[in-house]
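Contents: one structure, followed by commentary.
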Amino acid sequence: MSSAATIKAATEWSNWSGSLKFTPWNFGKPGNEDALRQVIRNCYTEGRQVRLAAAGHSSTPLVETRGTLLHLHHFKGIIRRDDEQQTVTFGAGMTVHEANAALQEIGLALFNTGDVDVQTLAGAIATGTHGTGMKLRNLSSMLRGVRMVDYQGNVREFSSPADERWMNAMRVSLGALGIFTELTVRVVPLFKLTRTEHFTTVDSCLENFDALAGENRNVDFYWYPRSDEIKIRILNEPGQGTTEFPYSFRCVKHEEGWVGEILPRHRELRFDEMEYALPREAGIACFKEVRNRIKARHRKAVAWRVLYRTIAGDANYLSPHYGRDSVSISLHHNAGLPFDAFFNDIEPIFIHHSGRPHWAKKHNLKARQLRPLYPAWEAFQDVRRSLDPEGFFMNHYLKVLIGEYEE
Amino acid sequence: MKNKQQQGKRIWAFAAGHIPLHSTGTEPAFTSHDKVAILNTGDKDAQVALVVFYADGDPVGDYTVTVKRKRIRKIRFNDLIDPLPIPLDTPFGFLIVSDVDIIVQFSRLNTGASALSSFCVTAFPNSQ
């Protein structure tokens, strides 16, 4: 399939929540890697930028461009399976849901997913997307190898552990290094999970949360600002984890199934979101401040729950969880409603607790504020300058976010 | 022929909704709220759609719920988010339409002042 046949006339593109809309010069839907290389060569020659749309679940302008917006709808499926290395190589256009479904058919699974699984695998990995689990790292950490097309249309390959310096940059790269076409990820034997959900009070949750998070595979909680109630969600492999809960816990759900069917939730209602990753030891204190602020100032308009999760630290240069075990606190607001006053009022609390924003969710930080938060910032920049010395993949937002200049 | 077990009406309305902004006391037991309790006495699940009206601005809905056969279900307006949350401290009215006869009772708890207060009233049933 030729690249020319796949380029459509430009129309407006919108992200999942509808809070990000723009019209690129055109859309590129290459049918294979050769066609993708040709699209990139043409764009480079013509001075037209390229960004990758992924699934559009991000609510920041990572993909915004006036150039060519790529879709990798044709880059699907399992390409290779390596049982010795416990890896599977996917086409980069696979969604997390599709990847887990394909793995389930061959008795394998991803170790974790986020709260939803509609993102592409490439998008989730590139932005440090995560699930919950005190001993579980983010989804980026499962990346073992990358095949990509660089700014001149050349195919490049990197793998772990041989190219670890490169891989530490690749794992959370915001699409700034090139267009990934194949992703090799660590997989695990297919497993089942049991999900239980309990309602309880804030005091009871906070008193017991660390112990529960330590005893169980996946634990997080929702706080409901309009009722001040908590729902704790606990997942374990069958027969494992806590069996005796505090008396104040009221079980409202108990179900069991394959990991890809039980772990991610299905969400029809769309929302915008702000999320920060905080040092684990700061999590509860930060949550208490967020809760007090919402109750004092935002209850009139805000009804969506606040989500609290745990993530193990890693060594990936731009990972929000770099070098520290973390918790994340997420704010949500219905798509279409004004979110600025709410999010912007809470954000200083996150920052005060040394928070790092989720790259794919709303925040207001720029390179000047972000650089001190990331000890390996320059290591990432070294890799970026090597792979994309002319900044071909740097859209305006990326320049403000990780670029060399301030707006 | 109408099922004698299925009591109530299919259309209900209430015009004086207003969720208090402030609460005192332990939550959620003493969270100020507006609420409807829906009773389905019949043999068939009730598919219920609720539309909210405001003093200014277009109606918002449908908020949809199922009330299982021979069950009650309580719905706190504070908790509704789909399609949109209802702002606190804002007058609203609502229309409830069910595919089977149901009984609807509206109540409000306002703990904004230190003394607990509440009232309860049955909504207006349409003649259908």
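So that the names make sense, note that chain A is the first sequence line, chain B the second, and so on, each numbered from 1.
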Can you list everything that forms a side-chain hydrogen bond (donor to acceptor under 3.5 Å, both in side chains) with A/E347? Sequence neighbours excluded, please.
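For A/E347, the residues satisfying side-chain hydrogen bond (donor to acceptor under 3.5 Å, both in side chains) (neighbours in sequence not counted) are A/Y276, A/N364.
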
Between B/L84, B/I19, B/L80, B/L21, the one whose heavy-atom pairs under 4.5 Å with chain A are most numerous:
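Highest number of heavy-atom pairs under 4.5 Å: B/L84.
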
Step through the atoms of chain A and chain B and list each donor-acceptor pair whose separation is under 3.5 Å.
residue	atom	partner	partner atom	Å
A/R226	O	B/R76	NH2	3.2
A/R226	NH1	B/N78	O	2.9
A/R226	NH1	B/I86	O	3.1
A/R226	NH2	B/I86	O	3.1
A/K295	NZ	B/E27	OE2	3.2
A/R299	NH1	B/E27	OE2	3.2
A/R299	NH2	B/E27	OE1	2.4
A/R299	NH2	B/E27	OE2	3.2
A/K300	O	B/L88	N	3.0
A/N334	ND2	B/I81	O	2.8
A/N334	ND2	B/P83	O	3.0

